[in-house]
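Only one structure is covered here, and it is reproduced in the block below.
Proteins get letters first, then strands, A, B, ... in listed order; numbering begins at 1 in each.
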Amino acid sequence: MINNLVIVESPAKARTIEKFLGKDFRVTSSMGHIRDLSKKDFGIDLKNNYTPEYIVPNDKKKIVNELKKLVKEANTVWLASDEDREGEAIAWHLFEVLKLDPVKTRRIVFGEITRNAILESIKNYRAIDKNLVNAQQARRVLDRLVGFELSPVLWKKVKPALSAGRVQSVAVRLIVEREREIINFKPVSTFRTTGIFNTKNSDGKNFQIKSELDQRFRDKSTAFEFLGKCRGAEFRISDIIKKPARKSPSPPFTTSTLQQEASRKLGFSVSQTMSVAQRLYESGFITYMRTDSVNLSQLALNVARKTITEEFGDKYVNIHQYKTKTKGAQEAHEAIRPTYIENSSVAGTNAEKRLYDLIWKRTLASQMSDAQLEKTIAEIAISTSSEKFVAQGEVILFDGFLKLYIESSDEENIEDSKGLLPPLRKDQSLENLEIVVAQRFTNPPARYTEASLVKKLEELGIGRPSTYAPTISTIQNRGYVIKEDREGKEREYISMKLRNGFIEETMEKENYGRERAKLFPDNIGMIVNDFLIEYFKEIMDFNFTASVEKEFDDIAEGNLLWTKMIDDFYKPFHKRVEETIENSDYSKGERKIGDDPETGRPVIARMGRYGPIVQIGDQETEEKPRYASLLKGQHLETITLEEALDLFKLPRTIGQYKGKEMVVGIGRFGPYVRHDSKFYSLKKGIDDPYKITSERAIELILEKMETDKNRIIKTFEDEPDLQILNGRWGPYIAYKKKNFKIPKNSDPSKLNKEECLKIINNPSSKKKKNNS
DNA sequence: CAGTGAGCGAGCTTCCGCTTGACTT
């Protein structure tokens, strides 16, 4: 017999709570939701006022059976799922599925896992809030209707197996629109002037002051004119302004801010952060990692005060609670913090240690004093011109939280690093060492990283802490978006330098636009996005979630019937779906990019059955169109007429060798020469498929034949499937289309058949699958 | 390493939020 059975959502939470409650209580977990809508016929009875049809999914049957057994033995059942919409629904589903007795069932909630909070909640039990449950049902049903009606439209009109949804489609939209801003961005250049001046430090040593002119020049000639005026001019300090400044620490981590900082500081992907955090949580090292709250328990604040005082002293303590500014935050948990704040490190893998360190520092820093700074701005006047040079210095008077933690930012290349300035006085004259004018270009908006996309979604109130990582995976798995690196491009800029009375002008080179692990929309992502925006503007609106959330709140307050809310949404939405299926054309992202100069026929870029293509001529004309696939790295959105026409130049015949034709083309594995139905790769960075000569092609063919000759080290007469070969990474064993590594200590040419088979059957030498 | 929504068509794909393992390598 169990006197009290407490059901929470997570097993790790159950373990902790059991310790607080003592022998009279048995604590177990439901592992999240135990029921969901059936996938058959939407799981919603559309003819019967949207009655949901709930089923227990297969992977939840075991846990439900165990719960049923426990419930039978229990006197009182305490439903302790989270204090939010989803948590309330979990409690209700448990109540229904486990057929609980209302008299013996109590609903309790607590916003933090501390002994006090839990004992307090036991005193304040209540009944299940059916209004809140209905708000969740509305949320669930709406998402199902949107997802399961829109996705099939895409299967019919764009491509099978695609998907659309309230959250993912808006996430893709953000990325597509950002990409288009970047594509359409026209950089503007201005001329930035920096001056270096010499003065003496307090100990009499030379000190160079770096400064920037208070304005930028629009064009080269005015910049040049300015430099001319500076020749022989006098420079003196016209003003010194000192002003105090403060820096405050950031609040403790939520899921979203943890993902952002782990991405910037540790280079973790969003899903990597979550799985490392999950392990820390399961080990009892940190509090729950899926949260939108910046709240810390009183207990945590007390320990933080003690730890900061001991480590840094009283002056560094500033205990306070932060308020969340996040739209739609439900705050069912604490912020992410170390369970035991006094522990500055934990045992675990390298990644676990680093993430813990980040969480520990951020938590403590959030309870530390502001940093106090003094900013100094020195203006340097020019005797011959009205512009002024400005030198900035920053001194930390009191470091406060900066002693422990500095938050990083998404902004890159901050040009002026402020440092110390030497003692300066007004009217002091300065010796000018050099003045440099450099042409600077404006930058397009930054592409999203996984983490900055999460930040944006959170700002829009779209998605929840538990879905950020899965959403980012989904939009990549569907092929809408790819995370990749891009090489930067080189450009020239004008630089003018005044030194020793001479002005020297040079052209300098700089790299720009290099990207690392950024999110790029792929062709299909853009096509789906444009299609959805054309026909389903409401769903794609950035405020759609916010406006339905408002209605969910009304339902939760008991002021709106959930089925009415759904009906008001669904009727016009469904009509729109039917109209779209009826009236819209198959969407292939077609774009005319120009006319073929030879024939005058239109050149069109679009999506074909097997990927993006360009074609010359359209279907309506009598002459059949010519087709060519886009190369890797080319996109429907950006391909130019010139690039498209190049694609039709291949494959081309460049001559004959031994009576057989040599044909150059670009295939799946890059540029090639085909001869006698064999393929020879062109050398990357050396050979150009549009220009390669027959002499060079023959060279490549002979070279390949030579390496092929050396390829075979050994064959076996009685086992034709078995060969020892020389490959790119040295000798290996090939057997029935599979390759096996040869152990370092053996001589490949001396291996016999038995030894080879032994290597093949050794499980450790099996070919590894690539993790993508 | 070609083909490129016209050609007959079974049955499948899909949402968002709550949670962990169960599988591989």
- request: Decide, yes or no, whether a salt bridge links A:Asp541 with A:Lys537 under the criterion of side-chain N to carboxylate O below 4.0 Å.
  value: no
message: Do the side chains of A:Lys550 and A:Asp553 get close enough for a salt bridge, i.e. N-O under 4.0 angstrom?
response: no
- prompt: Are any of the side-chain nitrogens in A:Glu86 or A:Arg139 under 4.0 Å away from the carboxylate oxygens of its partner?
  reply: yes
Phosphate-side-chain proximity, A:Arg478 and B:dT13, N/O vs OP1/OP2 below 4.0 Å: no
message: Can you tell whether the side chains of A:Asp36 and A:Lys60 come within less than 4.0 Å, N to carboxylate O?
response: no
field: Phosphate contact (B:dA2 OP1 or OP2) by A:Arg674 side-chain N/O below 4.0 Å
entry: yes
message: Using only modelled atom types and a 3.5 angstrom limit, is any donor from either the side chain of A:Arg464 or the base of B:dC18 paired with an acceptor on the other?
response: no
task: Return no unless some side-chain N or O of A:Arg290 is found under 4.0 Å from OP1 or OP2 of B:dT20.
output: yes
- prompt: Where the side chain of A:Ala161 is defined as all heavy atoms beyond and including C-beta, which of B:dT19, B:dC15, B:dT13 is the nearest nucleotide?
  reply: B:dT13
message: Let me check I have this right: for DNA chain B, each base becomes ., (, ), [, ] or |, based on Watson-Crick or G-U pairs with both distances under 3.5 Å. What is the full string?
response: .........................
message: For B:dA2 and A:Tyr627 - does any side-chain N or O of the residue sit under 4.0 Å from the phosphate oxygens OP1/OP2?
response: no
task: Taking only the side-chain nitrogens and oxygens of A:Ser10, find out if one of them lies under 4.0 Å from OP1 or OP2 of B:dT20.
output: yes
- prompt: Do NZ/NE/NH1/NH2 and the carboxylate oxygens of A:Arg85 and A:Glu549 come within less than 4.0 Å?
  reply: yes
query: Base, sugar-phosphate, or nothing: which does A:Ser163 touch, judged by heavy atoms less than 4.0 Å apart?
result: sugar-phosphate
- prompt: Is the distance from OP1 or OP2 of B:dT20 to the nearest side-chain N or O of A:Gln278 less than 4.0 Å?
  reply: yes
query: Hey, is the side chain of A:Ser151 poking within less than 4.0 Å of OP1 or OP2 on B:dC15, counting only N and O atoms?
result: no
- prompt: B:dC15 phosphate, OP1 or OP2: any side-chain N/O from A:Gln168 under 4.0 angstrom?
  reply: yes
field: salt_bridge(A:Arg107, A:Glu88) N-O dist < 4.0 Å
entry: yes
- request: May I ask you to evaluate whether A:Tyr480 reaches the phosphate of B:dT14, defined as a side-chain N or O under 4.0 Å from OP1 or OP2?
  value: no
message: Quick check for you: among B:dT14, B:dC18, B:dG17, whose closest atom lies nearest to any side-chain atom of A:Ile90?
response: B:dC18
